[in-house]
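Reviewing the structure listed below.
Computed from heavy atoms alone, side chains included, the values below leave out hydrogens, waters and symmetry copies.
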There are 2 protein chains.
Amino acid sequence: MAAQTVASTPDAATSANPSASTLSAASTGSVDLGPAAALSCRECGHRVPLGPVFACEECFGPLEVAYDFSAYDTEELRARIEAGPANIWRYAPLLPVPADVADKPNINPGWTRLVKAENLARELGVDPGRLFVKDDSGNPTHSFKDRVVAQAIEAARAFGFTTLSCSSTGNLAGAVGAAAARAGFRSCVFIPHDLEQGKIVMAAVYGGELVGIEGNYDDVNRFCSELIGDPAGEGWGFVNVNLRPYYAEGSKTLAYEICEQLGWQLPDQLVVPIASGSQLTKVDKGLRELIELGLVEDKPYKIFGAQAEGCSPVSVAYKAGHDVVRPQKPNTIAKSLAIGNPADGPYVLDIARRTGGAVEDVNDEQVVDAIKLLARTEGIFAETAGGVTVGVAKKLIENGLLDPTLTTVVLNTGDGLKTLDAVAGTGLTATIRPSLDSFREAGLA
Amino acid sequence: MAAQTVASTPDAATSANPSASTLSAASTGSVDLGPAAALSCRECGHRVPLGPVFACEECFGPLEVAYDFSAYDTEELRARIEAGPANIWRYAPLLPVPADVADKPNINPGWTRLVKAENLARELGVDPGRLFVKDDSGNPTHSFKDRVVAQAIEAARAFGFTTLSCSSTGNLAGAVGAAAARAGFRSCVFIPHDLEQGKIVMAAVYGGELVGIEGNYDDVNRFCSELIGDPAGEGWGFVNVNLRPYYAEGSKTLAYEICEQLGWQLPDQLVVPIASGSQLTKVDKGLRELIELGLVEDKPYKIFGAQAEGCSPVSVAYKAGHDVVRPQKPNTIAKSLAIGNPADGPYVLDIARRTGGAVEDVNDEQVVDAIKLLARTEGIFAETAGGVTVGVAKKLIENGLLDPTLTTVVLNTGDGLKTLDAVAGTGLTATIRPSLDSFREAGLA
């Protein structure tokens, strides 16, 4: 593992930038986050040492993790990955985590099924051997959020944080609660106080603090921003705020797994959901890294973004040919994608255009139909976000934007058990008395 | 894969025995179920060819799959398993499935996490390096039922069935619906008509027929038995009735995975839930096979059975020193274990006594406490059955029956999202206004 030590950054704790107040709780020792070399601004390229910061001190652009992969030999790296554990830590050499990450208490998500979806392909009229669903409902708390939170946990550990926090309306609350419990962090998660009881239970069961805020999700977010700047927030790692650069990297593992599971091949086309847009940009980043590292052949791929019509700011901008995204007030059953002002929207537009993909949306009825379609063809019960990607894939095939003869991967990022209400109309096909006569009368024989 | 062909049984379709009426839909060709050589009576040892039968024609004892493993070389077999897919089909050489099973459309469960439960161990006062939770909530429909249904699917295919069926009150309905959809079978699942709406949705979403029976679960079962004997049931594979010998073998994979994940070592102690008792007997069978095949060192292990007090017929019989199990009327929140007259109860008693284990039970309050304990220590949200095993493990440690210094594996066989009602009392720790003052007043800083 010697190749990783070049990237350790003993000066991380000396960073000074707009968010540095949150650094006060960080360890004063060296920060070992494996191959992560620095944070780099996506707008101006300015680099700062690794630390719990998220905005560029020069231009306020978003920071992302920059790596030093220069010491890697392609075939040695491939062999090391293939010999690794059946979770995201097989890709530790490509992530902002220490080399011994697999030995630390973490929830260990990933290495979820890539399902060859022959039945679905036949219904959609595409090549049955080349359509795949990446089913992330198999993660520990049954959504892709486990991937990103697992990264945030390791960054929090490196920076000496003792409390893990986030604002959430669902999946993230459970993922943070579970991961913090296992990793030995205190957790304090903020949610709107009037959330459905089922969602509260799913987050509260892990025993962390779960605080209801009298207000809507925007109020919760505003409060969290205040808390980060206040002494009361010292020692707190907000997974999607001051730990966001590390957290977001977790989505790269979706790209790595898809390529490895395809036999170290790039897919030709991917359909990825858009909430903040971070996942889509990191899937693209992961694919480009695999090309640069020589782990897959360099060839074109197209990334398609999927939104619900009731929260489609990126899709609207894409279709209008705009470079900026106009915020919307969300109104859709796909609540885990309902971010009206997606931070990474402009990057998503750029990737869709650069790769020759597109951004498309489907309405709530199409979302429900797609959930049922995936369930009855492949036995995968997706949450509404999965209904969005499958529905968009269907629409893209119908309007000719998705080539039915090429290898296509559709992401399902969550579990239907968490959004049962969306298919609440589904029910018994018949009710009979316990007799063969009644069975025959119902036409079931 | 040549070693497996010795076990093919071209005469399977000529079997004649008490349940042979269900055979009418079976293929008249040869039956290739890999190393499965015959069905063998657990009571009298009488052997019959492979077929969709479950009761001995001589003594009406239960039939189970007998194998021919004679051609296997230990190290070749180990290498073949380790090179296999990250699901139960890595163990295809030890299961009643054809050698090419991984190429067929199946839901591909298994290879779920074995979690080293250090936090839980510390709370329970046992060696933190030697307590593990086998977390089967990571399966496609989030319960161990996916393992057994996946086997039943392959048997159904081999016997030429076109409809897959079962009676169920929960987990099994979803597992059958999903697996049938993916594998291209019609499914028709029978449930009590007044089941909770959430459970109906979880089973109905896969698009198969879901029939409510006006009556309780016993009425549903009686109706299914009638249907199997009727021409209307021709071509129907009832996963836990006429396919039961194959179905039950799926639980062996829990034993295989645990040992392989421990580095091809037997655990010293296992805590396994008891519903019908089938799972526990097959876990024992799996462990014994690994010993016989030389894949693990031959040393003693103890199997502990876990029940809920409100449905504890095996525990009561164990404690009374009885060999027979007196049926109970279930009354517990652990509904997936609520079988009052467990078919394999006597075999469970025999295994617990032979291995030096025990059978213990916990009440519903202890079940809920154990669900919360597992969630807050390891971030695993178990269904009530997992609360039973963790609760029983705690009790066995307290009463000295479980050695805290030995390697122990506790099974969690299902997902908390399916039994949210059990922890419905869990809620917000505080409700505050969106302000730092309110945050401080609540004592959260």
Side-chain angles (χ1 to χ4, degrees), chain A residues 86 105 107-108 111 113 118-119 138 140 142 178-179 181-182 184 188 193 197-198 200-202 204-207 209-215 219-220 222-223 226-227 230 232 372 375-379 381 416-418 420 423-424 426-436 439-440 444-445, chain B residues 86 105 107-108 111 113 118-119 138 140 142 178-179 181-182 184 188 193 197-198 200-202 204-207 209-215 219-220 222-223 226-227 230 232 372 375-379 381 416-418 420 423-424 426-436 439-440 444-445:
Chain A
I107 205 153
N108 298 346
W111 204 241
R113 300 186 302 161
E118 297 190 31
N119 298 331
H142 308 318
R182 167 115 178 107
C188 186
H193 75 295
Q197 180 58 21
I200 290 177
V201 171
M202 289 178 208
V205 72
Y206 300 105
E209 279 161 274
L210 185 69
V211 179
I213 299 281
E214 290 170 359
D219 296 319
V220 178
R222 263 192 301 273
F223 169 74
E226 268 190 83
L227 186 53
D230 189 87
K372 292 180 184 172
R376 74 174 160 77
T377 52
E378 302 300 337
F381 183 20
L417 293 182
K418 296 192 181 185
L420 277 180
V423 288
T426 317
L428 297 173
T429 44
T431 302
I432 64 172
R433 297 183 307 282
S435 78
L436 291 169
F439 178 75
R440 289 195 181 87
L444 292 162
Chain B
I107 205 154
N108 298 346
W111 204 240
R113 300 185 301 159
E118 297 190 32
N119 297 331
H142 307 319
R182 168 115 177 108
C188 187
H193 75 294
Q197 181 58 22
I200 289 176
V201 171
M202 289 178 207
V205 71
Y206 301 104
E209 278 161 274
L210 186 68
V211 179
I213 299 281
E214 291 170 359
D219 295 319
V220 179
R222 261 192 302 274
F223 169 74
E226 267 190 84
L227 186 53
D230 190 87
K372 292 180 184 173
R376 76 174 159 77
T377 52
E378 303 300 337
F381 184 18
L417 293 182
K418 296 192 180 186
L420 277 180
V423 288
T426 317
L428 297 172
T429 44
T431 302
I432 64 172
R433 297 184 307 281
S435 80
L436 290 170
F439 178 76
R440 289 194 181 89
L444 292 162

With only heavy atoms counted, which part of Gln197(A) is less than 4.5 Å from chain B, the side chain, the backbone, both or neither?
side chain

Top of Pro105(B), Gly212(B), Ala178(B) for chain A proximity - count of heavy-atom pairs under 4.5 angstrom
Gly212(B)

For Phe223(B) and Ile213(B), the nearest pair of non-hydrogen atoms, with its separation, is CD2-CD1, 3.8 Å

With respect to chain A, which residue among Leu420(B), Leu444(B), Leu417(B), Leu428(B) yields the maximal number of heavy-atom pairs within a distance under 4.5 Å?
Leu428(B)

If one checks every heavy atom of Glu226(B) against chain A at 4.5 Å, the contacting part turns out to be both

side-chain hydrogen bond (donor to acceptor under 3.5 Å, both in side chains) against Arg222(B), all qualifying residues, sequence neighbours excluded:
Asp219(B)

Part of Ala86(B) within contact of chain A (heavy atom distance under 4.5 Å):
side chain

Scored by heavy-atom pairs under 4.5 Å with chain B, the best of Pro434(A), Ala424(A), Ala232(A), Gly215(A) is Pro434(A)

Cys188(B), Ala430(B), Gly416(B): which one forms the most heavy-atom pairs within less than 4.5 Å of chain A?
Ala430(B)

Classify the ring geometry between Phe381(B) and Tyr206(A) as parallel (under 30°), tilted (30 to 60°) or perpendicular (over 60°).
perpendicular

Below 4.5 Å, heavy-atom pairs only: which of Asn119(B), Val205(B), Asn108(B) has the largest tally toward chain A?
Val205(B)

Taking every heavy atom of Ala181(B) against every heavy atom of Gly379(A), the minimum-distance pair comes out as CB-N, 4.1 Å

To check you understand the geometry: which heavy-atom pair defines the closest contact between Ile107(B) and Ala179(B), and what is its length?
CD1-N, 3.9 Å

Could you pull out all residues at least two apart from Lys418(A) that satisfy side-chain hydrogen bond (donor to acceptor under 3.5 Å, both in side chains)?
Asn171(A)

Heavy atoms of Arg376(A) and Gly207(B) approach each other most closely as CB-CA, 4.2 Å

Just give me the residue among Lys372(A), His193(A), Glu118(A), Glu209(A) that pairs up with chain B most often, heavy atom to heavy atom, under 4.5 Å.
Glu209(A)

